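Here is the structure we will look at.
All values below come from the heavy atoms of this structure, side chains included, with hydrogens, waters and symmetry mates left out. Model, not experiment: these values are computed from the prediction.
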Number of protein chains: 2
Amino acid sequence: MHIQPNSKAVILTEIMLAVFRLQGRLLKKGDELVKPLNLTSAKWQVIGAVALAGKPLSAPQIAEAMGITRQGAQKQLNKMEKDGFFERCPNPYHRSSPLYALTERGIRSFSDAMALETVWAGGLVTDLSLQRLHEALQTLNAIHEQLDSPVPKQGDR
Amino acid sequence: MHIQPNSKAVILTEIMLAVFRLQGRLLKKGDELVKPLNLTSAKWQVIGAVALAGKPLSAPQIAEAMGITRQGAQKQLNKMEKDGFFERCPNPYHRSSPLYALTERGIRSFSDAMALETVWAGGLVTDLSLQRLHEALQTLNAIHEQLDSPVPKQGDR
DNA sequence: CTCAAATTGACAACTAGTTTCCATAGTGGG
DNA sequence: CCCACTATGGAAACTAGTTGTCAATTTGAG
């Protein structure tokens, strides 16, 4: 192989592969972690989006917060409302688009999950410095921003 | 909020969220990138696994290389064989588990995709230093290893 | 007010992966 | 050789997301 080991493109490719592997791992770990709470990683993320907002949100708002499509979020919400994690309440700004509020059960699930996650995450990174973690986070966010910017798409208003 | 902003657990949580966001973005970008080649990110990864191995592989070997389940890889392979990217050839070590070899078309798709990706990746990271990218990669891999370590697997050959 | 555009929810079909179960093929120990 | 065990492929049901279509609601320009 004659690939230059210091080429940015090559490193970026390796970062991409690392991101894919990590994502799979993290989802699986998350599923294990919150299984005792009758949650999955996906449901946990939905609950987290509303919990962190601190107020009921509409389905499209939740989708935006999670970075998934409106329909994807709606699907989860329909199931999770049926399962008692959320309840619909009237949206003063849009009669036919209800806000989803966490029920007692939903709130309890979120704080239980957060507690589990804090313990797990704290034990995971014992031999990585805070500095290193910070820099990695910044680098990932920088890549994400560059991914967003160069394709303005055709959506100019 | 009394969360310590410098707590490792908090940073790790943010890294996890960044990984999720990035993964979604990268898959979408990958789909766009290889769409002209009649590929998707998933198919591209399967082709890449075999191409990088440099020799035909069995379905379970491909699954392992990709970090997905045997059945997941098998599904892609069944479709991609039908679409002419792979052809089965006899496995001297296992009569009923064929090796999957890239066809001419598969080889061409891989090199076309790699060319597109190199151009794209090289243009993406203009304002990140090689050093930063390297460190981020190492950090991600370190996290991945720590995720893996408590659950050792069995199984070569 | 009215009509066009945008937003929204429901639904269907699809991609890509998972788990589970089954039948068969290969392997090694007795 | 035989028998238990493992590896494999196939199929089905499932999770979680996507795109696309449709009808109804909401909004805003004129």
Side-chain angles (χ1 to χ4, degrees), chain A residues 20-21 23-32 34-35 38-49 57-83 86 88 90-100 153 155-157, chain B residues 20-21 23-32 34-35 38-47 49 57-83 86 88 90-100 153-157:
Chain A
F20 289 150
R21 281 193 301 267
Q23 193 259 359
R25 275 296 185 189
L26 289 174
L27 276 186
K28 184 166 283 184
K29 274 287 165 183
D31 281 342
E32 291 172 22
V34 298
K35 190 166 193 176
N38 255 303
L39 287 178
T40 62
S41 290
K43 294 184 201 301
W44 180 15
Q45 280 179 265
V46 179
I47 290 177
L57 298 177
S58 69
Q61 286 173 323
I62 293 169
E64 166 141 27
M66 294 177 65
I68 64 176
T69 60
R70 170 175 74 84
Q71 297 87 332
Q74 188 79 58
K75 264 176 147 182
Q76 284 294 344
L77 285 167
N78 289 343
K79 277 188 288 186
M80 295 179 73
E81 187 203 359
K82 202 164 295 175
D83 291 346
F86 287 100
R88 300 183 181 201
N91 183 345
Y93 300 107
H94 196 123
R95 184 166 61 79
S96 63
S97 183
L99 300 179
Y100 290 86
K153 280 286 187 183
D156 284 6
R157 14 252 109 114
Chain B
F20 290 150
R21 279 194 301 267
Q23 193 260 358
R25 275 297 187 185
L26 289 173
L27 277 186
K28 184 165 284 185
K29 272 289 165 184
D31 282 342
E32 290 171 22
V34 297
K35 189 166 195 177
N38 254 302
L39 287 178
T40 62
S41 289
K43 294 183 200 304
W44 180 14
Q45 279 179 264
V46 179
I47 291 176
L57 297 177
S58 68
Q61 286 173 322
I62 293 169
E64 167 142 24
M66 294 178 64
I68 64 176
T69 62
R70 168 175 74 84
Q71 297 88 333
Q74 188 77 59
K75 264 178 147 182
Q76 284 293 344
L77 285 167
N78 289 344
K79 276 188 289 185
M80 294 179 74
E81 187 204 358
K82 204 164 294 177
D83 291 345
F86 287 100
R88 299 181 182 204
N91 183 346
Y93 300 109
H94 196 122
R95 185 165 59 79
S96 63
S97 182
L99 300 179
Y100 290 86
K153 280 196 307 184
Q154 92 302 352
D156 281 359
R157 176 53 45 110

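- The shortest distance between side-chain heavy atoms of A:M80 and A:I47 falls below 4.5 Å.
- Remark: P of D:dA11 and CD of B:Q71 are 13 Å apart, rounded to the nearest angstrom.
- Rounded to a whole Å, the CD atom of A:E81 is 12 Å from the P atom of C:dG9.
- One finds a side-chain N or O of B:Q74 lying less than 4.0 angstrom from the OP1 or OP2 phosphate oxygen of D:dG9.
- If you measure from atom CZ of B:R70 to atom C1' of C:dA16, you get 17 Å, rounded to the nearest angstrom.
- Going from atom NE2 of B:H94 over to atom P of C:dA25 covers 9 Å, rounded to whole Å.
- Between A:S41 and A:D31, the side chains place a donor N or O and an acceptor N or O closer than 3.5 Å (distance only, hydrogens not considered).
- Side-chain contact between B:T40 and B:V34 is absent, with no heavy atoms from C-beta onward closer than 4.5 Å.
- B:Q23 has its CD atom 14 Å from the C1' atom of C:dT15, to the nearest Å.
- An OP1 or OP2 oxygen of C:dA16 is reached within less than 4.0 angstrom by a side-chain nitrogen or oxygen of B:T40.
- For A:T69, a side-chain nitrogen or oxygen approaches OP1 or OP2 of D:dT18 to under 4.0 Å.
- Of all nucleotides listed (D:dT8, D:dA16, D:dG10), D:dA16 comes nearest to the side chain of A:A42.
- Between the P atom of C:dG9 and the NZ atom of A:K82 lies a distance of 16 Å, rounded to the nearest Å.
- The 5' end of DNA chain D is approached more closely, in terms of each residue's nearest nucleotide, by B:Y100 than by the other of A:V46 and B:Y100.
- Comparing atom distances between the A:R88 side chain and each of C:dA10, C:dT19, D:dT26 picks out C:dA10 as nearest.
- Rounded to whole Å, the distance from CG on B:L27 to C1' on C:dT15 is 11 Å.
- Nearest to the side chain of A:K75, among C:dA25, C:dA13, D:dT26, sits C:dA13.
- Between the OH atom of B:Y93 and the P atom of D:dT6 there is a distance of 23 Å, rounded to whole Å.
- Put simply, A:S97 has a side-chain N or O that comes within less than 4.0 Å of OP1 or OP2 on C:dG9.
- Counting heavy atoms from C-beta outward, B:M66 and A:F20 have side chains that stay 4.5 Å or more apart.
- Considering only the side chain of A:S96, D:dT26 comes nearest among C:dA25, D:dT26, C:dT18.
- OP1 or OP2 of C:dA10 sits under 4.0 Å from a side-chain N or O of A:N78.
- For B:Q74 and B:Y100, the side-chain atoms include at least one donor-acceptor pair closer than 3.5 Å.
- Checking the phosphate oxygens (OP1, OP2) of D:dA16, a side-chain nitrogen or oxygen of A:Q76 falls inside 4.0 Å.
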